[in-house]
Amino acid sequence: MAPVPSLPIKVGHIDDVQELRKAKPATVPERFIRDMADRPKVVPNLSSSLDIPIIDLSKLMKTDKDEVMQLKTACEEWGFFQVLNHGIDLNVVEDIENVAKDFFMLPLQEKQKYPMAPGTVQGYGQAFVFSENQKLDWCNMFALGVEPPCIRNPKLWPSKPVDFRETLEIYSREVRKLCKTLLKYIAVSLGLKGDVFEEMFGVAVQAVRMNYYPPCSRPDLVLGLSPHSDGSALTVLQQGKDSSVGLQILKGQTWVPVQPIPNALVINIGDTLEVLTNGKYKSVEHRAVTHKERDRLSIVTFYAPSYDIELGPMAELVDEKNPCRYRRYNHGEYSKHYVTNKLQGKRTLDFAKIQSKTSN
Ligand SMILES: COC(=O)C(/C=C/C1=C(C)CCCC1(C)C)=C/O[C@H]1C=C(C)C(=O)O1
Ligand SMILES: O=C(O)CCC(=O)C(=O)O
Ligand SMILES: [Fe+2]
């Protein structure tokens with residue numbers, strides 16, 4: 001089932017943040033100012049002992065036991081890791097960053113030829129806005145469904161920059177291979193057969209979202225991207241080379257910044273893997289914050305099963321000690337649920353949770 005919302009939605013006027021930045025107003029418009037409790041603490045970006053794990057894919061591919069253990073720990077304790085030696089040619093990584101940047105730098109009029117209609121998730125604009133009083137993110141997004149072809153909206157694939165389409169095709173092919181490889185070793189780390197996810201997923205759904213966060217005069221008042229977990233099975237996130245540090249993940253009660261590492265990609269577990277693993281590997285809440293002087297670009301790939309498949313916790317990961325925590329459902333239904341609700345931390349996954357008798 002394709003995730004298409006059905007009700008007409010009134011979202012009011014949504015300012016384009018790059019245009020706002022150009023106009024340099026003395027204050028940030030009210031709709032971007034977060035309630036006190038949601039505002040980010042602006043602290044210096046010092047590297048801390050709380051850095052997310054680093055996984056070397058070239059070692060994983062030799063089925064190095066220590067590296068598989070590291071992967072297991074990363075998935076169990078963090079839900080996020082950075083992958084080095086990921087096998088994607090650095091030119092491909094550089095090219096996608098360049099076309100994404102070039103797209104965002106086009107005049108607004110050109111970008112608005114590919115509008116994200118209210119309540120939908122593809123095109124240029126702000127996704128996940130469903131009401132006139134909802135707070136807005138300090139971010140411009142450009143999102144496209146890539147695979148399978150039936151989720152593509154060719155009218156939204158831009159003709160400028162001229163090499164955008166071809167570059168995205170090449171990049172997506174490489175990221176798809178990477179996702180398959182990572183899922184293989186994630187399965188191994190769970191003691192499962194390497195091809196279990198590939199077999200289960202059918203023709204996997206793949207979408208890309210490019211996020212551009214211009215500098216903001218009051219980074220203490222706004223969020224670049226609201227807290228959320230990803231609905232995917234796996235997400236691959238590329239942080240722009242000269243971008244400010246902006247991605248933060250929630251570890252316990254602390255927002256931990258993800259320090260960019262040259263040539264690494266950030267990987268995170270999405271809600272779908274959380275369900276499949278019966279909560280052994282959990283999706284983790286994350287958000288993006290902005291910077292006073294520096295901009296930020298991220299290129300994010302969501303990789304998920306075919307909409308047709310029914311899924312729930314895998315039998316191998318359910319036993320007396322680990323009772324079944326999620327119900328079975330159709331992945332297309334979850335996609336629809338995900339894209340028709342605002343970003344709200346991990347609440348979207350309540351869709352699948354079985355409420356335990358002791359919880360209130
Ligand atoms: C702005 O988009 C998202 O944040 C997003 C949506 C991705 C999608 C498209 C852009 C095209 C159609 C498919 C899909 C819904 C995947 C997040 O994607 C997550 C949410 C789910 C569910 C998922 O599989 O990835
Ligand atoms: O820009 C970032 O670093 C975060 C992006 C993100 O979490 C997303 O697009 O889902
Ligand atoms: Fe995300």
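This one's a predicted model, so the numbers in the text were calculated from it and none came from an experiment. Order of listing sets the numbers, starting from 1, for every ligand and every atom in it.
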Which of the atoms of ligand 2 are close to Val300, meaning less than 4.0 Å from one of its heavy atoms?
-> 5 (C), 9 (O)
Report yes or no: does Val339 have a heavy atom closer than 4.0 Å to ligand 1?
-> yes
Hey, which atoms in ligand 2 end up nearer than 4.0 Å to a heavy atom of Ser298?
-> 1 (O), 2 (C)
Please confirm whether Arg218 makes a cation-pi placement over Phe32, using NZ or CZ under 6.0 Å from the six-membered ring centre and within 45° of the ring normal.
-> no
Atom 6 (C) of ligand 2: which protein heavy atom is closest, and how many Å away?
-> Leu225 CD2, 3.3 Å
Show which atoms of ligand 1 fall inside a sub-4.0 Å distance from at least one heavy-atom site of Ala304.
-> 24 (O)
What part of Leu237, side chain from CB on, backbone N/CA/C/O, both or neither, has a heavy atom under 4.0 Å from ligand 2?
-> side chain
What residue and heavy atom of the protein are closest to atom 3 (O) of ligand 2, and at what distance?
-> Arg296 NH2, 2.6 Å
Does some non-hydrogen atom of Met141 fall short of 4.0 Å from ligand 2?
-> no
First locate atom NE2 of His286, then atom CG of Asp230, and finally report the distance between them rounded to the nearest 0.5 Å.
-> 3.5 Å
Could you give me the CA-CA distance, side-chain angles and deciding distance for Lys336 and Glu333, then say whether salt bridge (charged side-chain N to carboxylate O under 4.0 Å, His left out) is met?
-> CA-CA 5 Å; Lys336 186 173 174 184; Glu333 290 287 347; 5.9 Å; no
Measure the distances from the heavy atoms of Tyr307 to every atom of ligand 1 and state whether one is below 4.0 angstrom.
-> yes
Sorted by chain and number, protein N/O/S atoms nearer to the Fe ion (ligand 3) than 2.8 Å are His228 NE2, Asp230 OD1, His286 NE2
Does His331 approach ligand 1 within less than 4.0 angstrom via side chain, backbone, both or neither, non-hydrogen atoms only?
-> side chain
Proximal ligand 2 atoms for His286, defined as those under 4.0 Å from one of its heavy atoms | 7 (O)
Ring centers of Phe103, Phe142 separated by less than 6.0 Å | yes
Backbone, side chain, both or neither: what part of Phe302 comes under 4.0 angstrom of ligand 2, heavy atoms only?
-> side chain
Could you establish whether Phe128 and ligand 1 come within less than 4.0 Å of each other, counting only heavy atoms on the residue side?
-> yes
When you measure from atom 3 (C) of ligand 1 to each heavy atom in Arg152, Arg209, Gln206, which option holds the nearest one?
-> Arg209
Does the pair Arg165/Glu169 count as a salt bridge with the N-to-O cut at 4.0 Å?
-> no
Write out the residue and atom name of the closest protein heavy atom to atom 8 (C) of ligand 2, then the distance separating them to 0.1 Å.
-> Arg209 NH2, 2.9 Å
For Ser335, counting its heavy atoms only, list the atoms of ligand 1 lying under 4.0 Å from any of them.
-> 22 (C)
Do Lys41's NZ or CZ and the ring of Trp255 fall within the cation-pi criteria of under 6.0 Å and 45°?
-> no
Test salt bridge (charged side-chain N to carboxylate O under 4.0 Å, His left out) on Glu97 and Lys241 and set out the steps.
-> CA-CA 8 Å; Glu97 187 177 325; Lys241 234 188 198 158; over 6 Å; no
Carboxylate-amine/guanidinium contact Glu310 Arg328, below 4.0 Å = no
Polar contact flag for Gln239 and ligand 2 (N/O pairs, less than 3.5 Å) | no
Considering only heavy atoms of Tyr213, which atoms of ligand 2 have at least one such atom less than 4.0 Å away?
-> 1 (O), 2 (C), 4 (C), 5 (C)
Applying a 4.0 Å heavy-atom criterion (strictly less than), which segment of Ala207 is in contact with ligand 1: side chain, backbone, both, or neither?
-> side chain
Reference residue Tyr124; test side chain to side chain donor-acceptor pair (under 3.5 Å); the match among Lys113, Lys111, Gln112 | Lys111
Check the side chains of Gln18 and Asn140 for a donor-acceptor pair under 3.5 angstrom, ignoring hydrogens and angles.
-> yes
Proximal ligand 2 atoms for Asp230, defined as those under 4.0 Å from one of its heavy atoms | 10 (O)
Is it the case that one hydrophobic cluster holds both Leu183 and Val203, taking links as side-chain heavy atoms less than 4.5 Å apart, direct or via other members?
-> no
Step-by-step salt bridge (charged side-chain N to carboxylate O under 4.0 Å, His left out) determination, Lys72 to Glu67 | CA-CA 9 Å; Lys72 182 179 157 83; Glu67 208 61 18; over 6 Å; no
Option from Arg287, Gln134, Arg34, Lys342 for which side chain to side chain donor-acceptor pair (under 3.5 Å) with Ser226 holds | Arg34
Going through the checks in order, is the side chain to side chain donor-acceptor pair (under 3.5 Å) test met by Asn322 and Asn278?
-> CA-CA 8 Å; Asn322 302 287; Asn278 197 27; 5.7 Å; no
Before giving the answer on side chain to side chain contact (heavy atoms under 4.5 Å, CB included), spell out for Tyr213 and Asp137 the whole-Å C-alpha distance, their side-chain angles and the decisive distance to 0.1 Å.
-> CA-CA 9 Å; Tyr213 311 90; Asp137 292 334; over 6 Å; no
Going hydrophobic residue to hydrophobic residue with side-chain gaps under 4.5 angstrom, can you get from Met105 over to Val99?
-> yes
For Gln122, the atoms of ligand 1 under 4.0 Å from one of its heavy atoms are 10 (C), 11 (C), 12 (C)
